[in-house]
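Input: a single structure, listed below in structure tokens.
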Amino acid sequence: MNYTRSDFPESFLFGLSASEPGAETQTKGFDSFRFPIHWHEVLPRGRGQPDGVGVARVERLVETVLERGMRPCAVLDATLVPSELADLGGWRNRDTADWYADFSELVTTKIGDRLFSTVSKVSSEIATDQDSRSLARTLHHRLLANGRANRAMRSLGMSNLGVEIDLQDPGHATLLSAIFSGSYPQDFRASLSAHLPTGWEQDFSTIATPVDWLGTTVREPRDLKSLTPLIAAETPDTAIYVSVLAESESDLVNHVDAILSSSASMPISGLFVQAENQEVLEALQAALTSTELPAPWVKPTGTVHDHWNLIADVGGTNTRLGISINGTLTELHKYPTGTLEDLREALVGVREKVGTAPQAVVAAGAGPVHNGTIHLTNANLMLSEVELARATDAERTFVINDFTAAAWSVADISDADVAVLQGANTPPAGTRLVVGPGTGLGVGALLYSEGRYHTVSGEGGHMGLSPRHRGEVDVFDAARHIAPDCFFDNSLALEAEMFLSGTGLPILYQAVGVVEGQVNSQVKSAKDILQTAQDGTDACAVKAARIFTEHLGAIMGDLAVALIPVGGVFLVGGVAEKNRWLFGQDFLDAFNAGGRFKKIRRSMNLYISEQKEFGIVGANNFCKNALVQN
């Protein structure tokens with residue numbers, strides 16, 4: 001072979017392609033070593049626990065490649081789907097795309113810090129016995145798996161990610177168009193789009209996740225020339241690495257001729273050679289070592305980090321953004337909530353600070369959630385899961401109500417995080433109820449079943465509140481003139497949060513003032529009402545605080561009877577934390593006053609949560625649970 005390194009660009013890489021590195025004489029002069037990692041080799045069942053022997057073999061192979069001064073290039077090969085997943089439908093099953101992404105994460109966490117590059121091998125999996133529906137879904141889910149795997153690996157800090165497509169694959173043009181142009185070719189859509197899964201168009205945001213290079217296998221030199229117009233049309237600027245099977249020295253020369261003639265029209269950056277013939281390898285080695293070798297390869301370290309999640313607690317004034325690594329909140333940043341664009345810039349800023357996309361984003365806020373969008377009533381914003389994905393590139397995004405988050409805040413709560421009002425010192429496992437008299441009256445619950453929690457969310461603040469004593473009838477009647485829309489038809493029942501919240505307490509105070517003859521009583525904030533009630537300087541405030549305390553205790557007791565929360569009833573939020581004096585004997589008497597259920601109420605565990613940032617703690621707990629379930 002008459003070629004030398006000087007005939008190729010300075011950065012051009014020459015590599016071996018095999019399952020195991022050869023003897024020392026076979027690797028001298030080569031820059032890289034390309035080897036497959038078969039899905040079933042490290043995950044025999046396709047998911048769950050890895051096979052220790054298979055993982056150890058891959059790790060030893062990488063170390064051997066590095067010891068011989070070559071760059072390890074791992075090919076994630078799912079040509080054979082693990083048999084257990086094949087029984088579940090294989091690539092016809094959309095879940096297989098997620099399981100493949102999990103496989104890529106496992107590889108990244110085990111050897112990603114030592115890899116030069118990682119490539120996902122994609123094929124159209126066309127088989128003669130597949131009907132049109134199976135064929136279309138197999139191809140679509142395989143492409144989706146590639147996109148999800150690339151996103152998963154990038155979120156762990158991996159770079160230099162590629163995709164490999166065999167030119168002998170009948171569907172290679174469709175694969176190239178889907179990955180690099182973000183669409184299927186017209187002929188594919190005309191024949192198979194009717195057989196694709198519902199909503200397939202939305203998957204292209206993942207399928208077309210950018211890759212750093214394209215790998216392609218060619219069997220005949222002329223195959224590379226047929227690729228030129230396709231590459232020019234789909235991905236003119238993406239680096240290309242060519243893998244060839246050379247059975248003789250003349251075969252190798254023909255491939256090299258084709259590469260050099262094609263490099264003028266497409267950016268070919270490297271060649272991988274697979275050869276069983278020792279003479280072929282020796283011919284190539286002679287060419288590589290006939291001129292000065294490239295600089296020694298330096299073993300990469302520290303390029304991979306743990307997954308991280310972005311946790312947001314969006315308030316009316318401020319937003320708290322937390323960075324969670326392995327389920328633990330490690331950083332907390334505070335931003336003005338402002339407009340939707342301000343919120344988006346804050347999310348982008350945290351993502352850029354970390355340098356990779358989060359695995360998941362959870363945003364919690366006050367307001368109703370519908371079809372993946374939350375109406376943030378305090379901030380007067382509409383925030384969607386789609387917007388979170390656009391801002392952060394996260395694969396999984398969630399918006400949740402603030403009291404879904406509040407409920408999750410007590411999932412892992414310990415005795416160090418609570419003040420005990422009644423019952424066990426340590427909250428036991430079991431269904432848990434959370435009530436928070438904040439801006440509104442928030443109510444949430446975690447149902448405990450089969451060893452784990454499930455969220456139950458609702459609008460507890462809109463339950464009915466009625467007079468408990470004759471002396472309160474006039475107060476409720478006065479409140480009708482202050483907040484008429486909040487009463488239930490012509491009854492004396494009103495929405496609970498109209499009295500039992502920071503917003504509602506001033507209404508209660510004003511109604512008490514009317515009954516006490518203070519028609520022009522001073523308008524006070526909830527904070528001032530509670531302060532003057534505590535020090536006894538305002539009789540109306542004292543009465544309003546007593547009504548507030550007793551009704552809050554009673555409604556919490558009623559909710560507890562409905563759920564029987566063995567794991568405890570928890571007061572959360574600033575009102576409970578800053579006004580402990582409210583939750584004394586009058587509160588307990590109202591909570592336990594249950595007629596024939598008085599004994600059951602008295603047996604319940606009742607706590608005040610002392611967790612700081614319970615909203616973001618709860619959103620983080622929700623995130624951990626959601627990722628496990630997904």
Side-chain angles (χ1 to χ4, degrees), residues 308-324 327-338 340 342-344 346-347 350-351 358-389 391-392 394 396-413 432-446 453-461 501 570 572-574 609 611-630:
W308 70 284
N309 301 315
L310 179 53
I311 313 298
D313 182 15
V314 186
T317 303
N318 294 307
T319 292
R320 290 168 173 80
L321 297 180
I323 294 174
S324 176
T328 300
L329 287 165
T330 60
E331 293 183 37
L332 191 61
H333 304 273
K334 185 177 179 180
Y335 301 86
T337 297
L340 189 60
D342 293 331
L343 183 56
R344 183 183 182 280
L347 293 167
V350 173
R351 184 207 182 284
Q359 181 185 27
V361 180
V362 175
V369 177
H370 182 67
N371 289 338
T373 298
I374 184 169
H375 178 198
L376 296 163
T377 51
N378 292 342
N380 194 28
L381 298 175
M382 302 293 287
L383 180 63
S384 70
E385 293 172 354
V386 172
E387 180 63 32
L388 291 176
T392 64
R396 298 169 182 173
T397 57
F398 309 90
V399 291
I400 61 174
N401 177 270
D402 58 340
F403 263 81
T404 297
W408 277 106
S409 74
V410 300
D412 300 322
I413 204 164
R432 291 174 171 174
L433 171 67
V434 173
V435 180
T439 303
L441 180 63
V443 177
L446 294 178
Y453 288 108
H454 312 260
T455 309
V456 176
S457 57
E459 291 290 341
S501 68
F570 298 82
V572 300
S609 170
Q611 285 182 325
K612 303 297 183 183
E613 304 290 351
F614 72 90
I616 207 159
V617 167
N620 185 46
N621 287 342
F622 171 92
C623 184
K624 290 188 287 186
N625 181 77
L627 292 179
V628 169
Q629 298 311 308
N630 285 349

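Bear in mind the structure is a predicted one, so any value in this text is a computation, not a measurement. For reference, positions follow the sequence shown, starting with 1.
Of the possible donor and acceptor atoms, one in the side chain of R351 sits under 3.5 Å from a partner among the backbone N and O of T392. Side-chain atoms of T377 come within 3.5 Å of backbone N or O of A366 as a donor-acceptor pair. Counting only distance, with no hydrogens or angles, the side chain of N318 and the backbone of K334 share no donor-acceptor pair below 3.5 Å. For the pair R432 (side chain) and A411 (backbone), a donor-acceptor distance under 3.5 Å is present. Between the T397 side chain and the E385 main chain, a donor and an acceptor come within less than 3.5 Å of each other. Counting only distance, with no hydrogens or angles, the side chain of N309 and the backbone of A360 share a donor-acceptor pair below 3.5 Å.
The line from CG of L376 to CG of L343 is 8.0 Å long, rounded to the nearest 0.5 Å. Here the CD1-CD distance, from I374 to E387, works out to 14.0 Å after rounding to the nearest 0.5 Å. Going from atom CD1 of I400 over to atom CZ of F622 covers 5.0 Å, rounded to the nearest 0.5 Å. L321 CG to H333 NE2: the interatomic distance, rounded to the nearest 0.5 Å, is 8.0 Å. In this structure, S324 OG and L332 CG are separated by 11.5 Å, a value rounded to the nearest 0.5 Å. Annotation: the span from I413 atom CD1 to Q611 atom CD amounts to 4.0 Å, rounded to 0.5 Å.
Heavy atoms only, all atoms of each residue included: P358 and L310 are closest at CB-N, 4.0 Å. Nearest approach of A405 to A364, heavy atoms of both residues: CB-CB, 3.8 Å. Residue D342 comes nearest to T337 through the heavy atom pair CB-O, 3.6 Å, listed as atom of the first residue, atom of the second, then distance. The heavy-atom pair separating A363 from L383 by the smallest distance is CB-CD2, 3.9 Å. A pairwise comparison of heavy atoms in G367 and N401 identifies O-ND2, 2.8 Å as the closest pair. When every heavy atom of A407 is checked against every heavy atom of A445, the shortest pair comes out as CB-N, 3.7 Å.
Shown are V350, L329, T328; of these, the side-chain contact (heavy atoms from CB on, under 4.5 Å) with I323 is made only by V350.
The closest side-chain donor-acceptor pair between T455 and W408 falls under 3.5 angstrom.
Taking 4.5 Å as the limit, every side-chain heavy atom of V572 sits out of range of all side-chain heavy atoms of V435.
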Exercise. Is there a side chain to side chain contact (heavy atoms under 4.5 Å, CB included) between D412 and K624 once you walk through the steps?
Worked result: CA-CA 12 Å; D412 300 322; K624 290 188 287 186; 3.9 Å; yes

For this session: Apply the test side chain to side chain contact (heavy atoms under 4.5 Å, CB included) to residues I311 and C623: give CA-CA distance (whole Å), side-chain angles for both, the deciding distance (0.1 Å), then the verdict.
Result: CA-CA 8 Å; I311 313 298; C623 184; 4.0 Å; yes

Problem set entry | Audit row: F403, V434, side chain to side chain contact (heavy atoms under 4.5 Å, CB included) steps and yes/no | CA-CA 8 Å; F403 263 81; V434 173; 4.0 Å; yes

